[in-house]
Amino acid sequence: MVTTAVIKAQRPKKAVGTGTKVMARTFPLDKVRNIGIIAHIDAGKTTTTERILFYTGRTYKVGEVDEGTAVMDWMQQERERGITITAAATTCHWREHRINIIDTPGHVDFTAEVERSLRVLDGGVVVLDAVAGVEAQSETVWRQADRYGVPRICFINKMDRVGADFHRTVEMIEERLRARPIPIQLPWGKENRFQGVIDLIDNKAWLFSDDVGAMPVEMPVPEEQKDEANEHRQSLIERLAENDDQLMLLYVEGGDIPTHEVRAAIRRLTMASRIVPVLCGSALRNKGIQPLLDGVIAYLPSPLDMPPVHAINPETGEEVLRQASDDAPFSALAFKVVADPFMGRLVYFRVYSGKVKVGAQVLNASKGHKERLGRLILLHANHREELDEVDTGSIAATLGLRNTFTGDTLCEPSQPMALEPIRFPGPVISMVIEPKSKSDQDRLGEVLNKLSEEDPTFGVRSDAETGQTLIAGMGELHLEVLVDRMLREFNVAVRVGKPQVAYKETITVAVEAEGRFIRQFGGRGQYGHVWLRLEPGVRRSGFRFLDRVRGGAIPKEYIRAVEAGVKEALESGVLAGYPLVDIKATLYDGSFHEVDSSELAFKMAGSIALKDGVSRAKPVLLEPIMKLELVMPAQFLGDVIGDLNSRRGHIEGIETHAEICVVYTLVPLAETFGYATDLRSLSQGRASYSLEFDCYREVPANQRDQIIGRVKGT
């Protein structure tokens with residue numbers, strides 16, 4: 001905690017109304033923080049964010065999730081369900097710093113919102129439930145943050161609840177997340193006696209009131225916790241010295257180490273992702289939020305602290321580095337597209353270097369075309385404030401980009417560069433939909449296109465055999481929310497079928513396959529001839545196409561057509577028509593006709609070769625496997641495990657805490673439909689669970705035959 005005196009309650013400043021122009025650079029770049037609030041569902045992310053907005057003066061009234069008044073949960077579906085569905089962005093100010101915040105969903109069905117938010121953030125606040133500790137989705141978001149190298153601090157929330165255990169949660173961070181948690185606070189009191197926090201850096205305590213408007217009061221460390229605080233402070237300094245050379249020099253010299261040196265060491269190690277500072281509080285009871293804000297400023301990086309972004313020049317293939325500076329060429333990453341029913345198509349973007357004004361022409365380096373920026377908008381949940389320009393480190397939105405999608409790079413036309421795109425998991429569940437009326441049918445295609453632009457994990461396809469439209473997503477809730485949005489936001493009513501598992505197919509042995517497409521129509525014919533080598537890839541490797549043609553056996557202009565034909569054939573497998581995945585296809589030979597060969601002929605030849613090869617490569621069916629975490633009273637453990645065994649579940653571990661059991665299981669998605677109802681009856685409504693996609697695995701032979709028979713109607 002940075003504060004050395006009483007934390008003063010900041011008076012809310014008047015927000016700038018919609019339509020008012022706001023100038024961008026009002027804070028030096030080293031005083032900007034781009035952070036995400038991330039956690040498992042129900043850990044208290046949105047409640048924490050609402051308190052942050054109040055104490056920074058961004059809002060006048062505290063929004064409550066349970067009452068449906070949370071500013072950040074602005075969608076009607078979010079307020080009805082009490083969960084976050086879409087990542088909401090806002091900006092607030094604290095101690096002469098600008099903090100751009102993205103409040104992310106905690107439900108696994110909306111993991112794409114977390115993925116794209118972490119891609120553009122510099123730091124993260126991981127909120128953990130002091131009772132439940134590290135939960136399933138906490139592990140997921142932690143891995144996502146690891147993948148993007150995002151420094152984090154942890155906020156252990158709900159310290160006022162019965163069963164809250166600060167030290168157990170810290171141990172779980174170390175064991176389950178394989179991190180190095182460093183508590184810089186201790187809770188003052190426990191459960192219903194929780195009243196404040198003890199600052200181990202400044203060696204003092206802060207007393208909080210439940211009253212949202214009351215100021216925290218600085219106090220000496222309580223007598224009953226002095227020994228514990230001294231012990232933990234000494235442990236804190238020793239662990240910092242072990243990892244930081246500068247602090248080690250001061251430590252071996254002996255004597256008291258200045259608090260500013262301790263903070264500097266925590267900052268260095270946090271930004272290097274070598275430690276994770278841990279704070280605590282109770283957001284619902286208005287305790288611990290101001291010290292958390294101080295921790296964000298003190299320990300999480302500014303854009304200047306982040307390494308230069310690496311990109312590729314799409315014209316030359318050379319690596320490009322961009323420093324975070326307003327004077328550098330403009331570069332930004334589009335990370336979200338929203339079909340706003342009132343404003344139109346909004347593109348959210350993060351500026352990594354340079355600045356850009358309203359009406360400027362930018363290059364979409366990912367697509368290779370230029371676009372002109374319309375209005376520039378600063379975001380506050382679903383409220384908009386217009387800007388004249390946006391600068392380095394800003395997170396904003398714009399209108400007017402018709403051909404820019406999630407993951408595209410925007411840059412200065414004279415300085416092209418393409419940032420690494422965002423990768424999303426594929427859908428695991430699908431269902432059939434059909435419009436209820438002729439007017440709904442006319443608009444359905446347009447609405448589905450808008451929703452798929454918004455959400456990269458939402459897929460739409462037509463079944464060629466039945467003529468039905470299928471939508472696919474990350475879970476039942478995901479699709480349920482999207483269907484609800486079709487009606488409420490776009491006034492399109494649809495009927496939906498039962499959810500279906502998104503099975504996939506792949507091959508298990510390598511084969512070589514020939515594809516010939518030769519047609520003669522009296523005049524000019526069609527001639528395409530290819531040889532492919534098909535090999536199984538590792539799980540989640542997707543599709544790889546390699547060109548190994550030598551000696552001009554196939555002209556270069558037809559290679560892309562062969563690849564297109566192979567990709568098209570991958571959409572429908574040979575066992576039950578499910579998409580083919582994890583295949584490496586190498587084009588190594590073929591022949592052509594100087595007159596009759598065409599792109600269409602080679603596309604068809606590639607498709608024929610793939611189908612023939614797959615049928616001989618011992619194809620198998622794959623099914624999505626879910627990671628299931630169950631929390632229940634110990635008395636129901638036997639019945640629940642028996643039920644899991646009947647669902648082909650594989651028990652990975654069981655933990656017991658007092659009278660509560662936590663069961664970790666892998667179970668096929670196909671066996672989880674209707675599980676909520678069955679679990680309620682097995683546990684008298686006292687058990688809860690969370691599901692998270694884990695991997696695709698081969699379907700057992702007896703199950704495979706049933707699935708193929710069901711699809712083919714035999």
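Residues Asp129 and Lys158 are paired through a salt bridge, judged by an N-O separation under 4.0 Å between the basic side chain and the carboxylate. Ion pair Arg350/Asp122 flagged as a salt bridge, since at least one NZ, NE, NH1 or NH2 atom sits closer than 4.0 Å to an Asp/Glu carboxylate oxygen.
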*Would you please test Asp160 and Lys287 for salt bridge (Lys or Arg N to Asp or Glu O under 4.0 Å) and show each step?*
CA-CA 9 Å; Asp160 60 314; Lys287 295 178 170 69; over 6 Å; no
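The minimum heavy-atom distance linking Phe194 with Gly281 is given by the pair CZ-CA, 3.8 Å. The two atoms that bring Pro181 and Val278 nearest to each other are CB-CG2, 3.7 Å, heavy atoms only.
In this structure Arg33 satisfies the salt bridge (charged side-chain N to carboxylate O under 4.0 Å, His left out) test with no other residue, sequence neighbours excluded. With sequence neighbours excluded, the residues forming a salt bridge (charged side-chain N to carboxylate O under 4.0 Å, His left out) with Asp146 are Arg152, listed by chain and number. With sequence neighbours excluded, no residue satisfies salt bridge (charged side-chain N to carboxylate O under 4.0 Å, His left out) with Arg322. Arg239 is linked by a salt bridge (charged side-chain N to carboxylate O under 4.0 Å, His left out) to nothing, counting only residues two or more places apart in sequence or in another chain. Arg147 meets the side-chain contact (heavy atoms from CB on, under 4.5 Å) test with Glu115, Gln144; sequence neighbours excluded. Judged as a side-chain contact (heavy atoms from CB on, under 4.5 Å), and not counting sequence neighbours, the contacts of Gln323 are Pro308. Partners of His232 according to the ring pair (Phe, Tyr, Trp, His ring centres under 6.0 Å) rule, which considers only residues two or more places apart in sequence or in another chain, are His167. In this structure Pro258 satisfies the side-chain contact (heavy atoms from CB on, under 4.5 Å) test together with His260, Glu261, sequence neighbours excluded. Partners of Thr169 under the side-chain contact (heavy atoms from CB on, under 4.5 Å) rule, at least two apart in sequence or in another chain, are Leu128, Ile156.
Two residues are said to be in side-chain contact when any heavy atoms from C-beta on lie closer than 4.5 Å; Trp206 and Glu218 meet this criterion. With contacts defined as side-chain heavy-atom distances shorter than 4.5 Å, the pair Phe166/Pro183 qualifies. In this structure, the side chains of Val120 and Phe349 stay at 4.5 Å or more apart for every pair of heavy atoms. Side-chain contact between Ile52 and Ile289 is present, with heavy atoms from C-beta onward closer than 4.5 Å.
Between the side chain of Ser235 and the main chain of Glu231, no donor-acceptor pair closer than 3.5 Å is present.
A donor-acceptor contact closer than 3.5 angstrom links the side chains of Asn243 and Arg180.
Within the structure, side chain to side chain donor-acceptor pair (under 3.5 Å) contacts touching residues 269-280 (residues at least two apart or in different chains) do not occur. Among residues at least two apart or in separate chains, salt bridge (Lys or Arg N to Asp or Glu O under 4.0 Å) pairs with a member in residues 360-374 are Lys367-Asp408. Residue pairs meeting the side chain to side chain donor-acceptor pair (under 3.5 Å) criterion with at least one member in residues 301-310, sequence neighbours excluded: Arg267-Asp305, Ser302-Asp305, His310-Glu319.
Each of Gln225, Met219, Arg233 was evaluated against Ile198; a single residue qualifies, Gln225, per the side chain to side chain contact (heavy atoms under 4.5 Å, CB included) test. Only one option out of Thr409, Thr398, Asn364 pairs with Thr404 in a side-chain hydrogen bond (donor to acceptor under 3.5 Å, both in side chains); it is Asn364.
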